[in-house]
Amino acid sequence: MESTQDRYELKTSVDVNDHSILIKVYDRRLKNNFFCFEEDVEYLQDDALRTYILENMYDIKAGKYHVEQFEESAQKDFPNIFRR
């Protein structure tokens, strides 16, 4: 069985307008990027994705996955962002 560490790849950036953390998760199985803001993670419909992000929230807030800019290839998936 595939572990969540093998399935997902996390990267984060900070929204310049309101300084909230924008989270990008690449799902290797689906070959797709998913975006959400830190404060919206608890509302994600996908249980596995939500759990993975929450389990890594300490490291996310500590900047472990921070990048200045997401790669250009991720931008095609950006419209699927979830924002309450």
Side-chain angles (χ1 to χ4, degrees):
M1 188 168 157
E2 177 182 45
S3 75
T4 55
Q5 291 290 358
D6 292 335
R7 179 175 175 182
Y8 298 121
E9 176 188 355
L10 265 174
K11 290 187 180 177
T12 63
S13 190
V14 176
D15 184 282
V16 295
N17 295 322
D18 66 4
H19 305 288
S20 59
I21 298 174
L22 177 59
I23 302 167
K24 178 186 83 77
V25 181
Y26 179 68
D27 185 329
R28 291 183 181 98
R29 184 188 310 159
L30 299 177
K31 295 182 172 58
N32 199 12
N33 292 295
F34 296 92
F35 294 87
C36 72
F37 284 93
E38 167 192 9
E39 62 270 14
D40 298 322
V41 171
E42 64 186 279
Y43 302 106
L44 290 173
Q45 300 290 323
D46 185 317
D47 290 335
L49 182 62
R50 181 180 63 246
T51 300
Y52 177 73
I53 294 171
L54 290 173
E55 287 174 349
N56 287 282
M57 192 56 74
Y58 177 83
D59 289 335
I60 289 169
K61 288 183 178 187
K64 180 177 179 179
Y65 303 104
H66 179 78
V67 295
E68 289 300 317
Q69 182 176 335
F70 296 128
E71 60 277 359
E72 296 237 356
S73 62
Q75 293 180 11
K76 69 179 176 61
D77 297 322
F78 192 77
N80 71 11
I81 193 167
F82 177 80
R83 187 82 198 240
R84 287 181 12 102

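Position 1 is the first residue of the sequence; numbering continues from there.
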Practice item. Check whether the side chains of Tyr8 and Asn56 place a donor and an acceptor atom closer than 3.5 Å, and report yes or no. Key: no

Check your understanding: With Tyr65, which of Asp59, Ile21, Ile23 fulfils side chain to side chain contact (heavy atoms under 4.5 Å, CB included)?
Key -> Asp59

Practice item. Determine the sole option in Leu49, Asn33, Thr12, Asn32 for which the side chain to side chain contact (heavy atoms under 4.5 Å, CB included) test with Val25 is passed. Key: Leu49

Revision key, fill the gap. In short, Glu39 meets Tyr43 closest at the heavy-atom pair O-CE1, 3.9 Å

**Study point:** Heavy-atom closest pair, residues Val67 and Ser13
**Key:** O-OG, 3.5 Å

Practice item. Would you please test Met57 and Val41 for side chain to side chain contact (heavy atoms under 4.5 Å, CB included) and show each step? Key: CA-CA 10 Å; Met57 192 56 74; Val41 171; 4.1 Å; yes

Check your understanding: For the atom pair CD1 (Ile60) and NE2 (His66), what is the distance rounded to the nearest 0.5 Å?
Key -> 13.0 Å

Exercise for review: Working to the nearest 0.5 Å, report the span between CG of Asp40 and CD1 of Ile53.
Suggested key: 10.5 Å

Point to revise | Arg29 side-chain N/O to Arg7 backbone N/O, donor-acceptor pair under 3.5 Å | key: no

Point to revise | Verify same cluster id: Tyr52, Tyr58 (apolar side-chain graph, 4.5 Å) | key: no

